[in-house]
Amino acid sequence: MSEIRYVRGDATVPSVKGVKVIAHVCNDIGGWGKGFVVALSRRWPQPEESYRAWHRERASNDFGLGALQLVQVEPYVWVANMIGQRGIRTGSKGVPVRYEAIDAALTRLADEALARKASVHMPRIGCGLAGGKWSRVEPLITERLVRRGVAVTVYDHGEGAT
């Protein structure tokens, strides 16, 4: 069994051949504009447009914690919008990250990645603005993706990334 590959670089520019899915965590309130999504929006307008429409039409779709939306941005590149955080601020209920929602979205992502024979690329999802701990997220990625045979690369961006 392989393991998660860690590299320094930009997760929006995966440097491998074949079909690629760039995965990241979104909130459940329709907000897009800080963190990793800024880099995504700089490269492609579709992930933000699709996420906002998905949220706007949530009364008639599956938008909510644990949901997954795949958006094709290039012939062999998809972006996975995963709803894995409640709101955007730390408050009385703690940090926004919801590990069980990330787990559910990763399970859906594994099915989609395997169906497309795709590798998955991501920053340390849920650990930036969502306030999560990598020690809790990493085992979910290993269990849901790596153990099922999906190649996963995690990108640490810039200097001083941990």
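Along the sequence shown, the residues carry numbers beginning at 1. These numbers were taken from a predicted model, which means no experiment stands behind them.
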Is it the case that one hydrophobic cluster holds both Tyr155 and Val152, taking links as side-chain heavy atoms less than 4.5 Å apart, direct or via other members? no
hydrophobic_cluster_shared for Leu114 and Tyr76, side chain cutoff 4.5 Å: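 Same cluster: Tyr76 reaches Leu114 through Ile, Leu, Val, Met, Phe, Trp or Tyr contacts under 4.5 Å.
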Any donor-acceptor pair under 3.5 Å linking the side-chain atoms of His157 with those of Asp10? no
If you draw a 6.0 Å radius around OH in Tyr6, do more than 12 non-hydrogen atoms from other residues or ligands fall strictly inside?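 Result for OH/Tyr6: enclosed.
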Inspect the surroundings of CZ in Arg52 and state if more than 12 heavy atoms from other residues, nucleotides or ligands are less than 6.0 Å away.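 More than 12 heavy atoms, drawn from other residues, nucleotides or ligands, come within 6.0 Å of this atom.
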Non-hydrogen atoms of [X] and [Y] that approach each other most closely:
| X | Y | result |
| --- | --- | --- |
| Thr90 | Pro96 | OG1-CD, 3.7 Å |
| Gln69 | Ser50 | NE2-O, 3.0 Å |
| Val137 | Cys127 | CG2-SG, 4.1 Å |
| Val120 | Ala23 | CG1-CB, 4.1 Å |
| Val21 | Ala80 | CG1-CB, 3.7 Å |

Check against salt bridge (charged side-chain N to carboxylate O under 4.0 Å, His left out), Asp156 and Arg8: CA-CA 5 Å; Asp156 288 316; Arg8 186 166 306 284; 5.7 Å; no
Shared-cluster residues of Leu65, by chain and number - hydrophobic side chains joined below 4.5 Å: Ile22, Trp32, Phe36, Val37, Leu40, Trp44, Tyr51, Trp54, Phe63, Val71, Val73, Val77, Val79, Ile83
Could you give me the CA-CA distance, side-chain angles and deciding distance for Met82 and Ile125, then say whether side chain to side chain contact (heavy atoms under 4.5 Å, CB included) is met? CA-CA 10 Å; Met82 301 187 301; Ile125 58 170; 3.7 Å; yes
Apply the test salt bridge (charged side-chain N to carboxylate O under 4.0 Å, His left out) to residues Arg108 and Glu112: give CA-CA distance (whole Å), side-chain angles for both, the deciding distance (0.1 Å), then the verdict. CA-CA 6 Å; Arg108 292 178 174 97; Glu112 296 291 345; over 6 Å; no
Regarding Arg148 and Asp111, does a basic nitrogen lie under 4.0 Å from an acidic carboxylate oxygen? yes
Please determine whether salt bridge (charged side-chain N to carboxylate O under 4.0 Å, His left out) holds for the pair Lys133 and Glu138, giving the CA-CA distance in whole Å, both sets of side-chain angles, and the decisive distance to 0.1 Å. CA-CA 9 Å; Lys133 296 191 181 332; Glu138 184 183 45; over 6 Å; no
Is a side-chain N or O of Arg58 found less than 3.5 angstrom from the main chain of His55, in a donor-acceptor match?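 Answer holds: yes.
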When you measure from the side chain of Gln85 to the backbone N and O of Gly87, does any donor-acceptor pair fall under 3.5 Å?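 Yes.
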